[in-house]
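We count residues from 1, following the sequence as given. Just the heavy atoms: all of them, side chains too, but no hydrogens, waters or symmetry mates, feed the values below.
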Amino acid sequence: IDDITFNNEPKGLCDGACQVAVDTGTSMLAGPSDLVDKLSNMVNAKDDCSNFHELPNLGFQIGNTVLNLKPDDYMDKSASGCSFSLM
């Protein structure tokens with residue numbers, strides 16, 4: 001992929017060099033731990049879900065197309081709180 005976006009704004013995390021693999025046998029998204037940690041810090045989701053409705057769409061830019069995930073797609077939200085679901 002070319003980059004990772006927040007609300008369609010490129011974040012300069014890939015420099016066109018992020019590699020991806022598609023595995024239809026899992027429902028989890030995974031990536032290199034340093035990149036996932038960086039994304040988690042940038043998203044800045046509160047453990048108590050207090051800013052859930054302010055979280056950005058997390059997008060994967062491929063050429064001129066951005067494939068977006070909404071917070072419901074990349075966050076685990078339960079009665080006990082919220083957590084970033086990428087590993």
Side-chain angles (χ1 to χ4, degrees):
I1 62 175
D2 297 312
D3 206 353
I4 296 172
T5 67
F6 284 7
N7 294 327
N8 295 324
E9 292 295 322
K11 291 298 170 186
L13 297 171
C14 292
D15 295 325
C18 286
Q19 295 183 359
V20 297
V22 177
D23 178 1
T24 59
T26 182
S27 60
M28 294 293 296
L29 293 173
S33 57
D34 60 329
L35 182 59
V36 171
D37 290 344
K38 194 179 294 187
L39 283 173
S40 179
N41 289 333
M42 291 174 74
V43 166
N44 196 29
K46 305 293 182 200
D47 291 338
D48 64 359
C49 301
S50 61
N51 67 340
F52 186 83
H53 295 291
E54 300 163 17
L55 297 177
N57 286 339
L58 177 61
F60 302 95
Q61 182 179 357
I62 304 167
N64 293 326
T65 301
V66 177
L67 305 173
N68 279 306
L69 299 175
K70 295 181 181 188
D72 284 326
D73 300 320
Y74 67 83
M75 295 296 298
D76 286 329
K77 185 177 178 187
S78 67
S80 62
C82 285
S83 62
F84 196 56
S85 66
L86 274 69
M87 57 180 203

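- Lys77 and Cys82 get closest at one heavy-atom pair: CG-SG, 3.8 Å.
- The closest side-chain heavy-atom distance from Leu86 to Ser40 is not below 4.5 Å.
- Scanning both residues, Thr5 and Phe60, for their nearest heavy atoms gives OG1-N, 4.4 Å.
- When all heavy atoms of Lys11 and Asp3 are compared, the pair lying nearest together is N-OD2, 3.4 Å.
- At distances below 3.5 Å, at least one donor-acceptor pair connects side-chain atoms of Asn7 with backbone N or O atoms of Asn57.
- No more than 12 heavy atoms of other residues, nucleotides or ligands lie within 6.0 Å of CG in Asp47, so this atom counts as exposed by the packing criterion.
- Under a hydrophobic clustering in which Ile, Leu, Val, Met, Phe, Trp and Tyr are joined whenever their side-chain heavy atoms come within less than 4.5 Å, directly or via other members, Val20 and Ile4 fall into the same cluster.
- Of all heavy-atom pairs between Phe52 and Met75, the closest is CE1-CB, 3.8 Å.
- Taking both residues in full, the closest heavy atoms of Pro56 and Tyr74 are given as O-OH, 2.5 Å, listed atom of the first, atom of the second, then distance.
- One finds the CG atom of Leu39 at 6.0 Å from the CG atom of Leu58 (value rounded to the nearest 0.5 Å).
- In this structure, CG on Asp23 lies 10.5 Å from CG on Leu29, to the nearest 0.5 angstrom.
- For the ring-ring contact (aromatic ring centres under 6.0 Å, His included) condition, no pair includes a residue of residues 3-51, sequence neighbours left out.
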Enumerate donor-acceptor pairs with a distance under 3.5 Å from any side-chain N or O in residues 62-73 to protein atoms, sequence neighbours excluded.
{"from": "Asn68", "atom 1": "ND2", "to": "Asn8", "atom 2": "OD1", "distance (Å)": "3.0"}
{"from": "Asp73", "atom 1": "OD2", "to": "Lys70", "atom 2": "N", "distance (Å)": "2.9"}

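- In this structure, Cys14 and Ile1 have side chains that are in contact, with non-hydrogen atoms separated by less than 4.5 Å.
- Among all heavy-atom pairs drawn from Cys49 and Gly81, the shortest one is SG-C, 3.3 Å.
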